[in-house]
Amino acid sequence: MNSAVRRIAINTGGGDAPGLNAVIRAVTLGGIDRGWEVLGIRDGYDGLFHDGGVVPLDRDAVRDITHLGGTILGTTNRGNPFATGRGAEVADRIRELGIDVMVAVGGDGSLYIAHLLTAYGIPVIGVPKTIDHDLEHTDQTTGFDSAVSFATECIDRLVSTTTAHGRVMVIEVMGRTTGWIALHSGIAAAANVILIPEIPYDIEVVAARVRERAARGQDYAIVVVAEGASPIGGEVTTIAGSTRLGGVAGHIAVQIEELTGKEARSISLGHLLRGGSPTAPDRLLGLRYGAEAVLAISAGARNVMVALDGDEARLVPLADIAGRARLVPMDCGALRTARSIGTCLGDR
Ligand code: F6P
């Protein structure tokens with residue numbers, strides 16, 4: 001038991017993910033139960049510097065929020081205070097507020113910022129969240145299940161219109177540099193082709209699959225592509241004038257139409273995958289992570305991220321998380337499954 005803790009704070013940073021409010025609730029209730037004061041920082045660390053940006057969190061504030069998407073604290077993914085030379089100011093403000101431990105809920109970007117904060121003497125506990133599932137050293141990230149579930153539902157819906165018209169539908173899903181969402185939702189929705197960043201694709205292979213299907217009397221095809229996928233020897237597709245990923249499905253649809261003569265359409269599910277109510281597993285996971293964060297603080301742990309290894313909670317130094325993306329391993333079960341059921345992965 002660490003008797004020095006009187007006041008903790010929690011913030012959510014980076015892209016929102018379903019399940020964040022469950023984390024906030026569990027941290028708040030667990031903290032209050034231990035006699036700690038709990039503060040919420042709004043909009044990443046921005047709230048430290050604006051009126052009403054630091055709010056007390058009590059039982060009322062976190063009642064009936066577990067099922068809500070987004071984050072009651074707001075977030076930003078433009079707010080790396082260290083990139084704008086404000087790191088020391090953030091640390092000073094946290095000290096000024098008498099915060100003993102900062103609970104930072106985030107993906108790799110936000111946890112990297114949290115790691116930098118520790119260098120300024122701010123004790124931090126990290127909690128993993130990201131729909132992309134791309135954090136190292138943990139088996140689960142809050143938001144991934146909701147994103148995969150909704151992507152699967154969307155693909156299911158697109159199958160009926162695609163079969164009705166005998167078309168090719170190319171469906172783009174988020175995931176940044178990794179293909180976890182595409183792979184899991186694509187398998188779950190029985191996509192014919194799944195393209196992920198970890199396996200650069202050959203468009204001729206994709207076109208050949210579409211033709212093979214047509215030759216077998218299947219005049220439609222469902223292609224699920226991760227936003228970060230790229231052709232062999234080629235580049236990722238970005239939104240014009242920015243470095244943001246997006247648009248690969250459109251290119252692939254045009255190419256498939258040219259190569260096969262089949263009518264193709266594309267759609268990007270985009271931020272739909274981040275919105276809406278968390279699934280039950282994500283609610284449970286968020287609450288679990290929040291509870292583990294409180295237990296870690298009580299036990300005196302600092303500057304670590306709470307992680308899950310199977311069902312076992314463990315603590316990983318924030319330094320080990322920073323700046324790494326957990327890619328889909330080539331020997332993982334999901335990829336083996338896809339290959340075993342004959343899904344085309346765009347490689348030869
Ligand atoms: O990291 C989560 C994520 O949704 C990625 O899948 C996606 O590339 C990115 O965030 C989009 O961010 P923004 O909300 O800035 O468009």
Side-chain angles (χ1 to χ4, degrees), residues 11-21 23 43-46 69-71 73-80 83-84 104-114 126-138 140-152 154-155 171-186 194-198 224-230 235-251 266-279 282 285-286 289 305 321-328:
N11 77 336
T12 51
D16 68 312
L20 281 173
N21 289 320
V23 179
D43 310 325
Y45 296 97
D46 289 358
T71 158
L73 292 175
T75 184
T76 173
N77 56 8
R78 287 171 285 103
N80 180 354
T84 50
V105 192
D108 67 340
S110 311
L111 293 176
Y112 180 58
I113 295 170
V127 175
K129 71 81 215 177
T130 166
I131 64 162
D132 303 332
H133 194 55
D134 61 351
L135 277 176
E136 284 281 17
H137 304 294
T138 186
Q140 297 194 56
T141 63
T142 315
F144 176 62
D145 184 73
S146 305
V148 168
S149 299
F150 190 63
T152 304
C154 292
I155 302 164
I171 304 156
E172 180 173 320
V173 296
M174 282 187 166
R176 283 201 312 176
T177 56
T178 67
W180 293 104
I181 298 175
L183 187 59
H184 283 232
S185 62
I194 301 174
L195 305 176
I196 63 175
E198 292 85 347
V224 174
V225 57
E227 62 181 355
S230 58
E235 298 294 320
V236 294
T237 310
T238 51
I239 291 164
S242 80
T243 53
R244 278 164 52 217
L245 294 169
V248 66
H251 286 306
S266 67
I267 183 170
S268 171
L269 300 182
H271 291 81
L272 283 170
L273 303 190
R274 292 225 309 252
S277 198
T279 57
D282 268 339
L285 185 62
Y289 273 140
M305 179 187 83
I321 310 296
R324 297 180 195 179
R326 179 190 190 206
L327 301 179
V328 174

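All residue numbers refer to positions in the sequence shown, counting from 1. None of these values were measured; they are calculated from a predicted model. Order of appearance sets the numbers: ligands from 1, and atoms from 1 within every ligand.
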- [ ] Determine whether any heavy atom of G175 lies closer than 4.0 Å to an atom of ligand 1.
- [x]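 Yes, G175 has a heavy atom closer than 4.0 Å to ligand 1.
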
Open item on the list: Taking only non-hydrogen atoms of L245, do any sit less than 4.0 angstrom from ligand 1?
Closed with: no

Looking at [Y], is its backbone amide N or carbonyl O close enough to the side chain of [X] to form a donor-acceptor pair, meaning the two atoms are under 3.5 Å apart?
| X | Y | result |
| --- | --- | --- |
| R324 | H137 | no |
| E172 | V248 | yes |
| T12 | G74 | yes |

- [ ] Could you tell me which non-hydrogen atom of L135 sits nearest to which non-hydrogen atom of G106, and how far apart they are?
- [x]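 Answer, listing the atom of L135 first, then G106: CD1-O, 4.0 Å.
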
TODO: State the atoms of ligand 1, each with its element, that fall below the 4.0 Å cut-off from a heavy-atom position in E227.
DONE: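 Heavy-atom distances to E227 below 4.0 Å select 5 (C), 6 (O), 7 (C), 8 (O).
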
TODO: Just jot down the ligand 1 atoms closer than 4.0 angstrom to any heavy atom of I131, in number order.
DONE: 4 (O)

Residue and atom name of the nearest protein heavy atom (relative to [atom]), distance in Å to one decimal:
| atom | value |
| --- | --- |
| atom 13 (P) of ligand 1 | H271 NE2, 3.5 Å |
| atom 12 (O) of ligand 1 | R274 NH1, 3.4 Å |
| atom 6 (O) of ligand 1 | D132 OD1, 2.7 Å |
| atom 15 (O) of ligand 1 | N77 ND2, 2.9 Å |

TODO: Describe, in one word, how the ring planes of W180 and F144 are oriented to each other, choosing from parallel (under 30°), tilted (30 to 60°) and perpendicular (over 60°).
DONE: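 Perpendicular, since the angle between the ring planes exceeds 60°.
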
Open item on the list: Within this structure, what is the CG-OG1 distance for the pair D282 and T141, rounded to the nearest 0.5 Å?
Closed with: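 Answer rounded to 0.5 Å: 7.5 Å.
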
